[in-house]
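As structure tokens, the structure follows; a few thoughts come after it.
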Amino acid sequence: MVEVRITETEAYGGLDDPASHAARGRTPRNQPMFGLAGTVYIYRIYGMHWCANIVTGDLGDPQAVLMRGGVVTKGNEVAVRRRGRTVGLADGPGKLTQALGITDAFNNSSVNVPGSFSLEPGKEPSEIQQTPRIGISKAVDRLWRFCYA
DNA sequence: CAGCGGATCGCCT
DNA sequence: GGCGATCCGCTGC
């Protein structure tokens with residue numbers, strides 16, 4: 001089992017957020033975003049990598065948080081095997097999912113249930129930096145990328 | 001070490 | 001038909 005401390009996230013704000021996959025309404029791909037809070041939304045990016053979101057809004061309100069990066073705190077050996085390298089194990093959205101073994105098999109599941117992955121509170125960050133979201137050209141005024149230690 | 005481009009595919013235009 | 005909520009290897013300084 002691999003455990004990471006999440007150090008980087010991005011928020012996506014639902015129908016009002018032009019940068020969200022759900023901005024244009026429900027599609028087969030983004031359907032999990034319209035589920036209950038705690039629903040897992042996985043999508044493939046650039047044809048190669050998986051990215052993992054946790055839905056935070058109520059049913060029908062497609063808000064979610066993208067897990068963008070973290071540091072491995074348990075299961076380093078497994079993470080290294082999955083990543084095929086010993087550094088940069090989870091410092092990016094695709095790397096994070098690969099290190100954790102998250103694929104589209106988890107799409108539309110929920111966190112903290114058997115057969116999916118779990119989230120639990122960690123140490124309160126002492127400082128949180130906010131910046132525009134990475135790779136996003138829309139809604140740049142929304143500082144919804146959060147980095148912390 | 002920074003910069004560039006290839007890989008690769010589902011979804012929207 | 002084109003482009004992304006990306007990563008990695010290779011190039012050239």
Side-chain angles (χ1 to χ4, degrees), chain A residues 2-112 116-119 122 125 127-149:
Chain A
V2 177
E3 177 182 288
V4 305
R5 172 171 171 80
I6 303 294
T7 56
E8 182 179 349
T9 61
E10 281 179 6
Y12 288 88
L15 297 171
D16 285 344
D17 183 359
S20 170
H21 284 177
R24 294 175 178 273
R26 191 186 299 237
T27 69
R29 178 174 68 149
N30 66 26
Q31 179 271 339
M33 291 187 79
F34 291 79
L36 292 167
T39 299
V40 175
Y41 168 47
I42 310 289
Y43 65 92
R44 190 188 279 287
I45 188 64
Y46 296 118
M48 335 219 4
H49 306 286
W50 299 111
C51 292
N53 292 260
I54 314 297
V55 173
T56 56
D58 291 331
L59 193 64
D61 181 13
Q63 305 190 41
V65 170
L66 169 68
M67 300 189 293
R68 268 197 66 85
V71 293
V72 175
T73 51
K74 280 184 189 170
N76 190 268
E77 192 172 320
V78 176
V80 166
R81 192 182 323 137
R82 285 176 176 157
R83 293 277 299 118
R85 66 207 65 243
T86 59
V87 296
L89 293 177
D91 58 342
K95 303 180 193 181
L96 179 75
T97 54
Q98 191 180 14
L100 288 172
I102 294 175
T103 68
D104 66 334
F106 293 89
N107 191 38
N108 210 25
S109 68
S110 298
V111 296
N112 297 26
S116 189
F117 59 90
S118 299
L119 281 180
E127 183 188 0
I128 301 179
Q129 297 176 33
Q130 295 184 231
T131 73
R133 293 168 288 185
I134 300 296
I136 298 288
S137 54
K138 299 166 184 163
V140 178
D141 57 312
R142 300 185 184 182
L143 304 184
W144 285 358
R145 172 175 176 247
F146 303 88
C147 296
Y148 46 93

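Predicted, not measured: the structure shown is a model, and the values here were computed from it. A, B, ... follow the sequence lines: proteins, then strands. Residue 1 opens every chain.
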ask   = Do the side-chain N and O atoms of Arg82(A) and Gln98(A) include a donor-acceptor pair separated by under 3.5 angstrom?
value = no
task = Let me know the distance between CG of Leu89(A) and C1' of dC7(C), rounded to the nearest Å.
result = 14 Å
query = What interatomic distance, in whole Å, is found between P of dG3(B) and the corresponding atom of dA5(C)?
reply = 22 Å
inquiry  = Between P on dC7(C) and CD1 on Ile102(A), what's the gap in Å once rounded to a whole number?
reply    = 14 Å
request  = Return the value, rounded to whole Å, for the distance between atom CZ of Arg68(A) and atom C1' of dA5(C).
outcome  = 7 Å
ask   = Are side-chain heavy atoms of Gln31(A) and Asn108(A) found at a separation under 4.5 Å?
value = yes
Phe146(A): ring-ring contact (aromatic ring centres under 6.0 Å, His included) partners, not counting sequence neighbours = none
Can you check nucleotides 3-9 of chain B for protein contacts, nitrogen or oxygen pairs under 3.5 Å, and list what you find?
from   : atom 1 : to       : atom 2 : distance (Å)
dT8(B) : O2     : Tyr46(A) : O      : 2.5

key: Partner nucleotide, any strand, of dT8(B) [Watson-Crick/G-U, under 3.5 Å]   = none
message = Please report the distance, rounded to the nearest Å, between CE in Met67(A) and C1' in dA5(C).
response = 13 Å
Measure all distances between protein nitrogen or oxygen atoms and nitrogen or oxygen atoms of nucleotides 11-13 of chain B, and list the pairs falling under 3.5 Å.
from    : atom 1 : to       : atom 2 : distance (Å)
dC12(B) : OP1    : Thr27(A) : OG1    : 2.7
dT13(B) : OP1    : Arg24(A) : NE     : 3.0
dT13(B) : OP1    : Arg24(A) : NH1    : 3.0

inquiry  = Using whole Å, what does the distance between atom C1' of nucleotide dA5(C) and atom CG of Leu143(A) come to?
reply    = 16 Å
query = Could you walk me through whether Val55(A) and Leu36(A) pass the side chain to side chain contact (heavy atoms under 4.5 Å, CB included) check?
reply = CA-CA 7 Å; Val55(A) 173; Leu36(A) 292 167; over 6 Å; no
key: Phosphate OP1/OP2 of dC8(C): any Lys95(A) side-chain N/O under 4.0 Å   = yes
request  = Could you go through the salt bridge (charged side-chain N to carboxylate O under 4.0 Å, His left out) check for Asp17(A) and Arg133(A) one step at a time?
outcome  = CA-CA 12 Å; Asp17(A) 183 359; Arg133(A) 293 168 288 185; 2.6 Å; yes
key: Residue mapping more 5' on DNA chain C - nearest nucleotide basis, Arg83(A) or Ser137(A)   = Ser137(A)
key: Separation of dA5(C) C1' from Asn107(A) CG (nearest whole Å)   = 15 Å
remark   = Partner of Thr39(A) under side chain to side chain contact (heavy atoms under 4.5 Å, CB included), picked from Ser109(A), Pro32(A), Ser116(A), is Pro32(A)
remark   = Scanning all shown strands, the Watson-Crick or wobble mate of dC1(B) with both distances under 3.5 Å is dG12(C)
ask   = When we call it a touch if two heavy atoms are under 4.0 Å apart, what does Arg145(A) touch: a base, just sugar-phosphate, or nothing?
value = nothing
request  = Answer yes or no: does atom CD of Gln130(A) have more than 12 heavy-atom neighbours from other residues, nucleotides or ligands under 6.0 Å?
outcome  = yes
query = To the nearest 0.5 Å, what is the distance between CG (Asn107(A)) and CH2 (Trp50(A))?
reply = 8.0 Å
ask   = So what does Ile134(A) hit on the nucleic acid, given a heavy-atom distance under 4.0 Å: a base, only sugar-phosphate, or nothing?
value = sugar-phosphate
key: Arg24(A) CZ: over 12 foreign heavy atoms closer than 6.0 Å   = no
